[in-house]
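Only one structure is covered here, and it is reproduced in the block below.
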Amino acid sequence: MPPLLTLTTTIAAIYFVFYLIRPIDFGKLLPKNPLQAAVLKVVVATSLGFLLASALVSLLSSALQLPGTLLKDF
């Protein structure tokens, strides 16, 4: 996979996950320090977004290799 596509997919996935978890109130988990709650939201979005992007890039890479694998037997 081209590195630019991987980077773009990763950034888009992180933004998508951050958009999805916006309604979750992390302030209830850490009521005494709202700054830590905001940092926790960013860390969770980054971690889950990276995992999502890794899965998508892996699936895309496998899908691109599939025709070559199927036609190798002929």
Side-chain angles (χ1 to χ4, degrees):
M1 293 296 299
L4 187 59
L5 181 64
T6 304
L7 179 66
T8 305
T9 304
T10 304
I11 291 172
I14 290 171
Y15 179 76
F16 178 69
V17 171
F18 186 75
Y19 178 76
L20 286 178
I21 66 171
R22 273 186 17 204
I24 300 173
D25 187 18
F26 283 93
K28 290 182 181 178
L29 293 173
L30 301 167
K32 294 184 180 181
N33 197 343
L35 179 62
Q36 282 183 348
V39 170
L40 178 64
K41 185 178 279 193
V42 170
V43 169
V44 167
T46 304
S47 301
L48 292 177
F50 179 75
L51 288 173
L52 176 64
S54 296
L56 290 175
V57 167
S58 176
L59 285 171
L60 182 60
S61 177
S62 296
L64 290 175
Q65 292 176 0
L66 190 60
T69 305
L70 292 175
L71 295 176
K72 187 171 73 171
D73 294 333
F74 294 110

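Numbering of residues begins at 1 and proceeds along the displayed sequence.
The backbone N or O of Ser54 sits nowhere less than 3.5 Å from a side-chain atom of Ser58 that would complete a donor-acceptor pair. At distances below 3.5 Å, not a single donor-acceptor pair connects side-chain atoms of Ser61 with backbone N or O atoms of Val57.
Taking Leu59 as the reference, nothing meets the side chain to side chain contact (heavy atoms under 4.5 Å, CB included) condition, with sequence neighbours excluded.
Tyr19 belongs to no multi-residue hydrophobic cluster, having no ILVMFWY side-chain contact under 4.5 Å with any other such residue. Apart from Val39 itself, the hydrophobic cluster it occupies contains Val43, where clustering links Ile, Leu, Val, Met, Phe, Trp and Tyr at side-chain heavy-atom distances under 4.5 Å.
In the hydrophobic cluster analysis, where Ile, Leu, Val, Met, Phe, Trp and Tyr join through side-chain heavy atoms closer than 4.5 angstrom, Leu20 is grouped together with Val44. Using a 4.5 Å cut-off between side-chain heavy atoms of Ile, Leu, Val, Met, Phe, Trp and Tyr, with links allowed through other members, Val17 and Ile24 fall into the same hydrophobic cluster. Note: the hydrophobic cluster containing Phe50 does not contain Leu60 (ILVMFWY, side chain heavy atoms under 4.5 Å, direct or indirect links).
Taking both residues in full, the closest heavy atoms of Ala53 and Thr10 are given as CB-CA, 3.4 Å, listed atom of the first, atom of the second, then distance.
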Candidate pair Phe18 and Lys41, rule side chain to side chain contact (heavy atoms under 4.5 Å, CB included), full reasoning:
CA-CA 8 Å; Phe18 186 75; Lys41 185 178 279 193; 4.0 Å; yes

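Within a 6.0 Å sphere centred on CZ of Phe16, heavy atoms belonging to other residues, nucleotides or ligands number 12 at most.
Within the model, atoms CG of Leu40 and CG of Leu35 stand 11.5 Å from one another, a figure rounded to the nearest 0.5 Å.
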